[in-house]
Amino acid sequence: MEYNHREIEQRWQQHWKENKTYKTEIDGSKPKYYVLDMFPYPSGAGLHVGHPLGYIASDIFSRYKRLRGFNVLHPMGYDAYGLPAEQYAIQTGQHPEVTTRENIARYRQQLDRIGFCYDWDREIRTCSPDYYKWTQWAFIEMFNHYYDTGCGKAMPVANLVKHFEENGTEGIHAACTKVLHFTATEWNAMDARQKSDTLMNYRIAYLGNTMVNWCPKLGTVLANDEVSEGVSIRGGYPVEQKLMYQWCLRVSAYAPRLIDDLNEVAWSDSIKETQRNWIGRSEGAEMQFRIKDSDVEMTIFTTRADTVFGVTFMVLAPESKYVDMVTIPEQVDAVKAYRDEIKHKTERERLIDKKVSGVFTGAYAINPLSGKEIPVYVSDYVLAGYGTGAIMAVPAHDSRDYAFARHFNLPVIPLIEGADVSEGSFDAKEGKMINSKGPGLDLDGMEVKEAIAATKRFIEEKGIGKVKVNYRLRDAIFSRQRYWGEPFPVYYKDGIPCMLPISELPLQLPEIDKYLPTETGEPPLGRAINWQTPEGYPLELNTMPGFAGSSAYYLRYMDPGNSEELVSKEANNYWRNVDLYVGGTEHATGHLIYSRFWNKFLFDLGKVCEKEPFAKLINQGMIQGRSNFVYRIKDTNTFVSHGLKKDYDVTPIHVDVNIVSNDILDLDAFRAWRPEYADAEFVLEDGKYVCGHAVEKMSKSMFNVVNPDDIVERYGADTLRLYEMFLGPVEQSKPWDTNGIDGVNRFIKKLWNLFYKGDTLLVNDDKPSAEALKSIHKLIKKVTGDIENFSYNTSVSAFMICVNELTALKCHSREVLADLIVLLAPFAPHVSEELWHSALGQNTTVCDARWPEWNEQYLKESSVNYAVSFNGKARFNISVPADMPKEEVEKTALSDEAASKWLDGKTIVKIIVVPGKIVNIVIK
RNA sequence: GGUCGAAUGGUGGAAUGGUAGACACGAAGGACUUAAAAUCCUUUGGCCGUUGAGGCUGUGUGGGUUCGAGUCCCACUUCGACUACCA
C-alpha cells in the first residue's frame, strides 16, 4: 500500500462527518475545555494559506485536549454582517444575503478539506434571525440598565426612576453623559419626553448627541477603532467629525473594570498593554479657572498639577461649550471664522496640517493658585472629546503648548531646575521644582512627583479642584446608516424611543429595492415598505455595527439552538468561558474590548457566570505573501534571470507564484500565463530562470496568493497542517514560502514506510529495544511540553527525528508505533487515523485513544558526556556512567590526559559540576 | 512622538545561564537508472590547515554581571507591530 493522501483524506473526512465524530454534548463526568477561533468574515476572495494558521493551531490543541480526556467544545461560525457584501450589493443589486451565503459555502468547503474537528452542529451566523434575536435582546437590556458607580455594576433603570421620584438626583451614583441635578419635585413635573431625554443621560444603551466619525464616502458613522489616521479602515476613505444624534453604548462606564480585570487573563503582555493604552487611564486633577470680571468657571483636566505656576494661557477646543460663554464681543467674528474653518476640515486634514492655528477669545482667566491673569485661546489641538475640552497651557513642559506659545509669542516660564526651554519644552516628569511659589503653596525644591501630590492635596483642601481619574476610552457609537446589519428593536412613539417587547424578537431585516440611502438622505431602511409596528409607529432606520454580532457569539456556541435564552444556565455553568482563544492582534482595540464589555454587562445581569470571556489568548502571526519577480529587458519581450539582471536595463514584473517553484520559473507555464508572454524569450543562468522575490502583503494584485486547496490537492491536508506549524512559531508573523514543504511531505512518507513496505505490513509485536523506547518517550515528553506551550514548530522537528531514529533502528513494534500515532493525531489526523486502523488494527477512532505518558526510566542515559572546561573555555569531553557521583566526575575529569596540559603548575580555584552537561575547572 | 517586540549560516528557524546553529529547505558530491523523477548516502557558519590530525573565529554594535552569556543588566544601531495632538 502506498501513501495516497487524496484517497485517505477524503475517506476519513467522510467517516467523521457520517459518524459525527466531533459532536460535543454537555458531559458532567468530564472536565470541559473550550477552544475558540475568531470566526471569519466570509469575503468573496475565499481563504488563502494565511487564514488557517490559527485554525490549525487551535485544532491541534483541541484534539490534544480531547486525547487527554477533556470534553472539548470547538465550534466555528461566520461573522456575516459587514460592509464588503453591502458594497457589492450596491454595485450589482445582488442581495447581500445571497453573496454572503455563497461565500460561506465556499469557506466551508475550504475548511472541510483541512480536516478540522469542529462541531458543525453548533455553527452560527451573525446574520441569521435566530442569532441576532439575542443581539437585539442584549441591546434592549442595555437600554433598560444604567451603570451604578456605587456598587460598580449595571442596575435596572427602573431603580433609578424610583430614586428620582423619591429623592431626585440626590445620592445618585451613576455613570452619565453629564452630571445633572434635579429634585424629586422637578422630576415628577417632567413630561414623558423630558423624562425620556433625562434617562438617556444614564442608560447603558442611549441616544445621544455626540461627535462622531462621519465617513461621507461610506455614508455612515464609524467607531473609533474603525478609523485610523483619519481614514476609514475599510476602504481608506476620509472621515470627518460631525455632531449626530446616535445610539451609543456606555462602554466608558466599564473602563475601570476593563483595566483591572486584565490582570486576571492569560494574554500576552503586548496585547494587554495595547488595551491599557486604548482605555487610557490617567490620574490627574480637575481644576476650576474663573474668568475675570465674570462668574464663568471653566473646569480643566491635567495630569501635571505641579505645573500650575507655569500656566501662561489657556486653550479651549473649538467645539467646547465654554467658547461662547467667554468670547468677548469684539472677538466673536474672529472666533466664529476660526470655528467654521475647523469644521470644514476633515479629521485627516487636521492631522496632516501640523501648522499651529488658533484664535484669541479676548477673555482672561485667573490662575487659582498664583492669581495671575492669563489669556484664553481657542485651538484645534485641544480635543473636545477628552477631559473637559479645556486645558491650562504650560509651554515650558508640554511640547504642544510650547509650539502654540512660540507661534503666538506667549511667555514660557520654566518650572524645573536646569530645564532649557529656549529650543523646546522639557516634558519629562523629573527634576526639582522652581518658580513655583504662591499664596499658601510652595513647591520649590520638591521633586516633580512630590509636587504633583502636594498640589492635588492643596486644591482639594481649598475646593479649587479635585483629584480625578480620566479614561481615554469613549462610548461606542452604535448606529450605522447601512442596510446589512442587525435592525434595532426600537420604535418611536411620538418621537420617544421605545423598545419592542422581547416576545416580538427577532425584528427581521426588511427587504428593500436598492441598498442606498433614500432621496431625502435617510438610511437604506427608509426604503422599506411598512417599516413600522402594527400600531403604526415608525421603526428605527439605523442598523447595528459589525461588532454587535461578534460581541457575544462565544456564548451562543454553548447553546446554539436555544430559542428561550441566549444561553441556558446549565450550558453556561458547564462551559463557563473560553479557555483558549486564538486570533489576530488586529482585534485588540475593537472586538476584544467590546466582547469584554458585553460579557461584563451580562455578568452584572447574572446571565453569565464568568466575568472575563477569554481566559487565555494566543495571537497568531500574520502570514505575509512572498512575491516573485521576472525581469523584462526594457522595450523587449525578453526576460533575464535574477542573477544576470544587473547587466541589463530591466523592469521587475510580478509573476504568479503558482508557476514558480523554489524561485525557478516554469517557462512553459509562463508563456501560457498571459497572451502577451506567449513568445517570450529568456536569458537563463545555468539553464534555469531564477526569479527575484520580496515579502509583501498577500493579495491578488501581487500574484502571491496561495490557495490552501492547491496545497491540499498536491500534498494533502496533513502536509499542509504540519507545514504551517513547521514554518515557525505560531505567534510570529512570517512570509508564506512553499519552498520547504517537500521536507514535511517526505516525513509523512517516511512515517508510512515504518508501517508498510509496498504491500507488506511491517508492524510486529516484538518487544521494543531500549533505544526505540528512549526515542519514543523522548518524543512524548517533547510533544506534550510543546503543545502546552504552543511551540508546534519544534514538535514537528521532534517527529522527524523520532521517525528517522525508528527507521534506523528498524523498529516496527506495535507498542511504539501506537504511541507515535496518537502523538501525531492532533497534527496529522487523516494519516494517523488511517494507520491506526489499517496498520495497527484498532477499531476505535484515534480520537478515542489515550494520550501516552512518558516514563523517565526509558529516558535515562547509560552514560553522560561532560564537556570539561577551564575558566569557562570548553576543552575536551569525558564520558562517564550516568549515575556516577559528582566527586567521581571531578576526579575523572582531572585525571584525564588533556587535563594535565591545562593544570601544569596552576592552582585549582574551584570545580563546578553542572548536572548533566559540564565540568568547569577554574584555575589560576 | 509613545508603547511593545525582534536582530543567530544562502533561507525558515533550534538552543531550563552550560560543547551555538537542532530540524528542515537550498546547494555541492556520490549511489541506483539508458535517462529523468523518486529514493538513499556524504558534505555544508566563516577562516587557516590537513595524512581522516588540528587550530582560530563566530549569535546587530559597545560595555557590564558570571567560573561560564545567543540567553541576564546598561547604552547604542537597525527593523517590525500597535498607537498617536489624550493635556
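Residue numbers begin at 1 in each chain, while the letters A, B, ... track the order of the sequences.
Shown here, B:C67 forms a base pair with B:G18; the pair counts as Watson-Crick or G-U wobble because both key distances fall under 3.5 Å. With a cut-off of 3.5 Å on both pairing distances, B:U33 has no Watson-Crick or G-U wobble partner at all. Under the Watson-Crick or G-U wobble criterion, with both distances below 3.5 Å, B:U61 is paired with B:A75. Using N1 to N3 plus N6-O4 or O6-N4 for Watson-Crick, or N1-O2 and O6-N3 for G-U wobble, each under 3.5 Å, B:A27 pairs with B:U43. Of the nucleotides present, B:G80 is the one that pairs with B:C4 by Watson-Crick or G-U wobble criteria, both distances under 3.5 Å. Remark: B:C85 base-pairs with no nucleotide in the shown strands. Criterion, Watson-Crick or G-U wobble with two distances under 3.5 Å.
Across the C1' atoms, B:G64 and B:A69 are found 11 Å apart, a figure rounded to whole Å. Rounded to the nearest Å, the gap between the C1' atom of B:U61 and that of B:A7 is 12 Å. Here, B:G46 and B:G21 have their C1' atoms 13 Å apart, quoted to the whole Å. Rounded to the nearest Å, the gap between the P atom of B:U59 and that of B:U8 is 11 Å.
Under the 90° criterion around 0 for the glycosidic angle, B:G9 counts as syn.
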Under 3.5 Å, which protein N or O atoms sit close to an N or O of nucleotides 36-44 of chain B? Give each pair with its distance.
none

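Because its NZ or CZ atom is not both nearer than 6.0 Å to the ring centre of A:W278 and within 45° of the ring axis, A:R596 does not count as a cation-pi partner of that residue.
When distances are taken from the side chain of A:N920 to each of B:U83, B:G68, B:A24, the shortest belongs to B:G68. Closest to the side chain of A:T794, out of B:A14, B:A24, B:U83, is B:A14. Which of B:C4, B:U83, B:A24 sits closest to the side chain of A:E273 comes down to B:C4.
Nucleic acid contact for A:I801: sugar-phosphate only, since backbone atoms but no base atoms lie under 4.0 Å from a heavy atom of the residue. In this structure, A:I391 reaches the bases: a heavy-atom distance under 4.0 Å links it to at least one base atom across the strands shown. Residue-level contact check: A:R626 touches neither bases nor backbone, having no heavy atom under 4.0 Å from any strand. Within the nucleic acid shown, A:S270 comes within 4.0 Å of sugar-phosphate atoms alone, with no base atom in reach, counting heavy atoms only. Contacts of A:D401 with the nucleic acid, taken as non-hydrogen atoms under 4.0 Å apart, are absent. Within 4.0 Å of A:P729, counting heavy atoms only, lie sugar-phosphate atoms of the nucleic acid but no base atom.
Under the 30°/60° scheme for interplanar angles, the aromatic rings of A:F827 and A:F799 are found to stand perpendicular.
In this structure, the CZ atom of A:R276 is 19 Å from the C1' atom of B:A84, given to the nearest Å. For the pair A:L727 CG and B:G13 C1', the interatomic distance rounds to 10 Å; values are reported in whole Å. A:D786 places its CG atom 15 Å from the P atom of B:C23, with the value rounded to the nearest Å. Following rounding to the nearest Å, A:D737 (CG) and B:A24 (P) show an atom-to-atom distance of 17 Å.
Aromatic pair A:Y792/A:F726: centroids not less than 6.0 angstrom apart.
Using a 4.0 Å cut-off, some side-chain N or O of A:N804 falls inside it from OP1 or OP2 of B:A24. Applying the 4.0 Å criterion to OP1 and OP2 of B:G13, one finds that A:Q732 has a side-chain N or O inside that range. Between A:Y381 and B:A87, a side-chain N or O to OP1/OP2 separation shorter than 4.0 Å is absent. Residue A:N739 places none of its side-chain N or O atoms closer than 4.0 Å to OP1 or OP2 of B:G12.
With respect to the salt-bridge test (charged N to carboxylate O, under 4.0 angstrom), the residues A:R339 and A:E341 do not qualify. Between A:E805 and A:K774, none of the side-chain N atoms (NZ, or NE/NH1/NH2) sits under 4.0 Å from a carboxylate O, so this pair counts as no salt bridge.
For A:R6, the CZ atom is densely surrounded, since the number of other residues' heavy atoms within 6.0 Å is greater than 12.
For A:E731, there are no salt bridge (charged side-chain N to carboxylate O under 4.0 Å, His left out) partners at least two apart in sequence or on another chain. Residues passing the side chain to side chain donor-acceptor pair (under 3.5 Å) test with A:T719, sequence neighbours excluded: A:N745.
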Pair A:K781-A:E856, salt bridge (charged side-chain N to carboxylate O under 4.0 Å, His left out): steps then yes or no: CA-CA 9 Å; A:K781 190 176 181 179; A:E856 285 290 343; 3.2 Å; yes

